[in-house]
Each structure stands twice: as structure tokens, then as C-alpha cells.
Amino acid sequence: MFWQQLVNGLTLGSTYSLVALGYTLIMGVLNIINMAHGEIFMFGAFVGLFLVTYLKVNIFVAMAGAMVAGALLGTLMEIVALRPLRRRAVSELAPLISTIGVSIFLENLALKIFGPQSQAFPSGALSGAEMQLGPVRISLVQIVILGISFGLMFILRFWLSKTRVGKAIRTTAESIETANLLGINTNKIILLTVALASGLGGIAGVLVGLSINAVEPTMGLSMGLKGLAVLIFGGMGNITGAMLGGLILGIAEVFTVAYGASSYRDAVAFGIIILILFIRPQGIFGSSTRQGGRF
Amino acid sequence: MLKISGLTTSYGSIKAIKGIDLDVPEGSIVSLIGANGAGKTTTMKSLVGLLKPQAGQIKFLGREIQGLAPHKVVNLGMSLVPEGRNILAGMMVLENLEMGAYQRKDKEVKADLEKVFKRFPILEERKQQLGGTLSGGQQQMLAIGRALMARPKLLLLDEPSMGLAPLVVADIFRVIQEINQEGTTILLVEQNVRQALKIAHYAYVLETGKIVLHGKAEEVARNPRVMEAYLGGAKAKT
């Protein structure tokens, strides 16, 4: 029972982590909360669903498609809703409000295009096969979710710490002005970061859509709020924090349900977050100052 | 190498610099001195494109560069070591230096890294440490080393001696002179007027946004007004 729930919790948590990473990247570089991230996540889920249902593509191709769609939406958001605000000296809240506008727009667009009803992936999208591993029964869907989430997280970590562009992102996250002085085209790096974050959101949409087998226009809101909670819980703009925070939240939720308090699952999960924040107000991996070790 | 004429930059409706003319000949050290709030940092930021000037012309290597984006200015061969040094606190010393060579794709980056380590051995010792853990003087060395990694033709230094112990200050000024002797032109902003005039070939005095005096550094140092205001009056004669 325990091991089974742990695997279930890790699976759920890894999708939270992936969503939270999207917030974290944008938070790190632009110091804003992207309120439209949940809706980009939802759009990714729909794009994946439609690719599988109507174009009959392989589920992994659909995930790649959802990632591209998410990245495109992110690019558009940066160009239309964020960059124009950076050029002039506006209040720090302006870009936040701007992303709320994007989120309302995207949700309504989804209602218009896809309709309000919940839709499911066709049964053939991914076989329902299950495996018995010791005490744990694990489905193919879970394996795919775990593999892709953890794979993406580790690739991202490696890419940020080792590659030239990854280092440019970290430099920009420390200070846009310093990055400029070092010869980094920060507008390009910011665009890339927003696109990357949104791409991760898009693919997370497909993973969650697969696991709960339901895709609907309002799914962005609840997922968005959980990602946001993980962002604060893990420490603003800290990648390790987002990864670990998501896993803890997922495991907490699954265990609450498993041990009989299913209607309290969110209450218990968020209760734990509140408790930890009492002890570490800056989040598990956050530093109390902005200086130092964002990613 | 660098020729500024009529440069004017404002913050909102407040003009921080009002029509500055300044010349930096190739191979020289030029010091720009003045009190707090005179507009020295504004001048530097306008040169590298962090601030957009309202009027005037900046000619660098024969090209007009006013209003150009900072990363393009770096590409032309002008690098600024900003006031306060702007070390990447959460990145390793080595990464800080690597980021200095961000735009370079030639194969001599490694050799230049060795040169920086030779100039500042303490940086090699601490290359795996985070930038934020260095002392003030080490951070200044890192900031200068990082700027050199871009192989600038013109190096702008904004208050490199600020907040440093006297011994370290002497070190930094010696290094600045060495860098210049190796062929890099330098524009130096300083409040440590005595030292700045000692190593410079030419000097400009900035007061409330205007150049009030300029000339050869030793002439500026002998100017009674400069002695009175910046060199502690009669004491400077000795």
C-alpha cells in the first residue's frame, strides 16, 4: 500500500513539478508571476488531444506538438503582453495584470474552439497495460509521465548549468543589466526562456490530460494555482525547489486520499505547505535575499 | 578612438548630463572626475547603451553608436566595468569569467582566461567558488577580468576603487596602468582624484552635468580649483 501510494504520489507530483518549473523559469528571469501559465498548460492538453484524435498521430508526437504549441503561445505572450511593458518604466504589477489578461483571453478562446465539455484521449492513445514490480502496480501511463517529467527536469538542469545559452539564462536571471553589459542580447534570452517555460507547460498539459483522462478549458486554473503554490513553497525562482516542492505536494495529496480523507486532499496538502512556510518563509530552497543562486 | 559631442541624457525631466564633449585618444588613459551626482555614471551608462541619450553624438572607431543596444556596443569593442561591480553572485568565478567572453567564438578564449588568472592569481585559486563569496577587492578584480575576457579595445571603469582598502586600491590602479600599457584604451571614472590624475594622460572635470575643465592630467592636477575642491587644498602642493 505504502509503496503503491508513493509511486502514485510521485507521478502526480512530477506533473506539478513540471508546471512549477514553468513558473520558476519566468519568475527567475523576469521576476514576475505568469498568471497565464495554467491556460498555456490547458492549451497544450487540447493540442495534444486533437493531434491524437483527429490527426491520429503517435502520443509522443502529440506531446512534442503540444510543447511547440505552448512555446508558440509563450512567444506570442512575450511579444504582445510583456515586452512592450518592459520598454517603459511601469509599475511592477503591470506585467502581472497583463498575464491575467492573457489567461482570460486563452480560457475564452479555448471555450470557443473546443467547447466547455470535458474530453478524453481516445482509448488507443496509450495502452492501458500495467506491470507488477514487487509490491507496486504501475501503468504504462504512469511510466510515461514519470519518465518524461523527470527526463525533462534533468535535461533542463543540465542544460542550464552547462551550456552557453543556459548560462546566459542564469546570467539574465541574476541581473538583466549585467547580462546586457556582458554582451548578452537579453530580449532574445527572455523570449527563449518564456518560450521554454511555456513549452514545458504545454507538454505537462498532455501528461495530466492522459493521467486523469479529461481535458477541459477550466483545467488550467486549478493546476495553475497548484503550480503557484509549489513556486512559493519551493522558494521563488529556485529550480530544485520547484522540482522537490511539486513532488512533496503530489505525495501529500495522494497519501491523504489513500488514508481515507479524500475530501480533505487539498486542505491537507496546502496545510502542509502553510506549516513549512511558517518555519521557512522563504520556501524550502529560497534564499532570503534576491542575491545568489537563483537556479 | 572615442569622441563624444553634445551628449545629453535625462532621467524623466531632470537632465543629468547637459551637452558633454569628450575625447578619448587611442592608447590613452582618460580620467573623468567629479563629485557625487555630477553625472559620471550617467555618462558611462549612456556610452554603453544602458541609457538612451536625448541629444548628442557618440563616435566610437568612426561609427555613431548613440542609442545602440548594449550587446551591440560590446560587440564593437567597448566594455564597461560598472559601479558596484555587478558580480554574478550565484555563479562560479570561472563562470563569471566565461560570461565575459560570451560573444567570442575564437579559439583564444582559453588563452585569455589563463592571462586573467596570471594577472589575478587569487581568481584561479577561487575559480570554483561562487562570485558572491569573494571580498570587495577580489570582486573588483573579477569584474575587471571579466570585462577583459571580451577583449575590449576601450575599457570603461566606473569607480573601480570604491569601498576598497588603500592597499587594494593601489593594486587596482597598478593593474589599470598595466592593462593600458598592453594596448587597451581606458576611460576611468573616479572619486579618488589624486590616483586617477596620477595614472591618466588626460582628464575631464564634471560638475552638475557639465565639463568645467579639461586638459592634460598633470595640468588639471595643478589647476587651483581642482586642488581646492578635490585634492584637499594646499596639501596637494607637496
Side-chain angles (χ1 to χ4, degrees), chain A residues 24-25 27-29 31 83 86-91 157-192 235-242 282-283 285-295, chain B residues 11-12 41 44-45 47-52 68-92 94-105 109 129-134 139 142-143 145-152 155-158:
Chain A
T24 299
L25 282 169
M27 181 80 205
V29 168
N31 221 15
R83 187 174 293 180
R86 261 202 320 280
R87 269 204 218 110
R88 47 203 87 175
V90 290
S91 142
R157 272 224 84 118
F158 179 80
W159 185 75
L160 282 173
S161 65
K162 296 289 177 232
T163 64
R164 177 170 178 271
V165 180
K167 285 178 187 177
I169 291 182
R170 284 160 60 212
T171 305
T172 309
E174 284 221 19
S175 155
I176 292 181
E177 185 178 290
T178 306
N180 271 326
L181 286 177
L182 295 175
I184 295 169
N185 183 348
T186 45
N187 268 337
K188 220 163 104 185
I189 291 295
I190 289 170
L191 184 73
L192 181 75
M236 293 285 225
N238 186 296
I239 285 191
T240 316
Q282 68 272 44
F285 281 93
S287 51
S288 38
T289 56
R290 236 216 93 164
Q291 280 289 307
R294 278 244 129 166
F295 291 149
Chain B
Y11 295 101
T41 297
M44 294 297 233
K45 287 192 170 176
L47 287 178
V48 294
L50 284 180
L51 292 173
K52 294 236 178 312
L68 212 61
H71 64 99
K72 290 184 180 152
V73 176
V74 172
N75 194 253
L76 289 175
M78 192 195 297
S79 284
L80 168 67
V81 177
E83 187 183 1
R85 329 192 228 279
N86 290 17
I87 290 305
L88 303 167
M91 290 169 78
M92 285 189 295
L94 183 65
E95 288 177 320
N96 266 274
L97 292 170
E98 283 171 359
M99 291 318 292
Y102 179 75
Q103 290 197 349
R104 288 176 55 185
K105 296 199 170 74
V109 174
Q129 248 171 267
L130 293 184
T133 64
L134 298 185
Q139 289 196 1
L142 180 55
R146 187 176 66 185
L148 288 176
M149 289 299 291
R151 279 209 176 170
L155 181 63
L156 311 182
L157 296 161
D158 194 351

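Throughout, a chain's letter reflects where its sequence line sits, starting with A, and its residues are numbered from 1. What you see is a predicted model; the values in this text were computed from it and never measured.
Looking at B/Lys72, there are no atoms closer than 4.5 Å to chain A (heavy atoms on both sides), in backbone or side chain. The parts of A/Ala168 that come within reach of chain B are both its backbone and its side chain, each placing non-hydrogen atoms under 4.5 angstrom from that chain. For a residue to count as touching a neighbouring chain, one of its non-hydrogen atoms must lie under 4.5 Å from one of that chain's; by this rule B/Glu95 touches chain A with the side chain only. Neither the backbone nor the side chain of A/Thr186 comes within contact range of chain B; no heavy atom of the residue lies under 4.5 Å from a heavy atom of that chain.
In this view, B/Thr133 and B/Gln129, B/Leu130 satisfy the side-chain contact (heavy atoms from CB on, under 4.5 Å) rule, not counting sequence neighbours.
Side-chain atoms of B/Gln103 do not come within 3.5 Å of backbone N or O of B/Ala150 as any donor-acceptor pair. Judged purely by atom type and a 3.5 angstrom limit, B/Arg104 uses its side chain to pair as donor or acceptor with the backbone of B/Met149. With A/Asn180 contributing its side chain and B/Pro70 its backbone, the two residues share no donor-acceptor pair below 3.5 Å. With B/Arg146 contributing its side chain and B/Met99 its backbone, the two residues share no donor-acceptor pair below 3.5 Å.
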Apply the test side chain to side chain contact (heavy atoms under 4.5 Å, CB included) to residues A/Trp159 and A/Val165: give CA-CA distance (whole Å), side-chain angles for both, the deciding distance (0.1 Å), then the verdict.
CA-CA 8 Å; A/Trp159 185 75; A/Val165 180; 3.9 Å; yes
Stepwise side chain to side chain contact (heavy atoms under 4.5 Å, CB included) check, A/Val29 with A/Ile176
CA-CA 8 Å; A/Val29 168; A/Ile176 292 181; 5.5 Å; no
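For the 3.5 Å distance criterion, the side chains of A/Arg157 and A/Thr240 qualify, holding a donor opposite an acceptor.
Using a 4.5 Å heavy-atom cut-off against chain A, the contacting residues of residues 73-85 of chain B are B/Val74, B/Leu80, B/Pro82.
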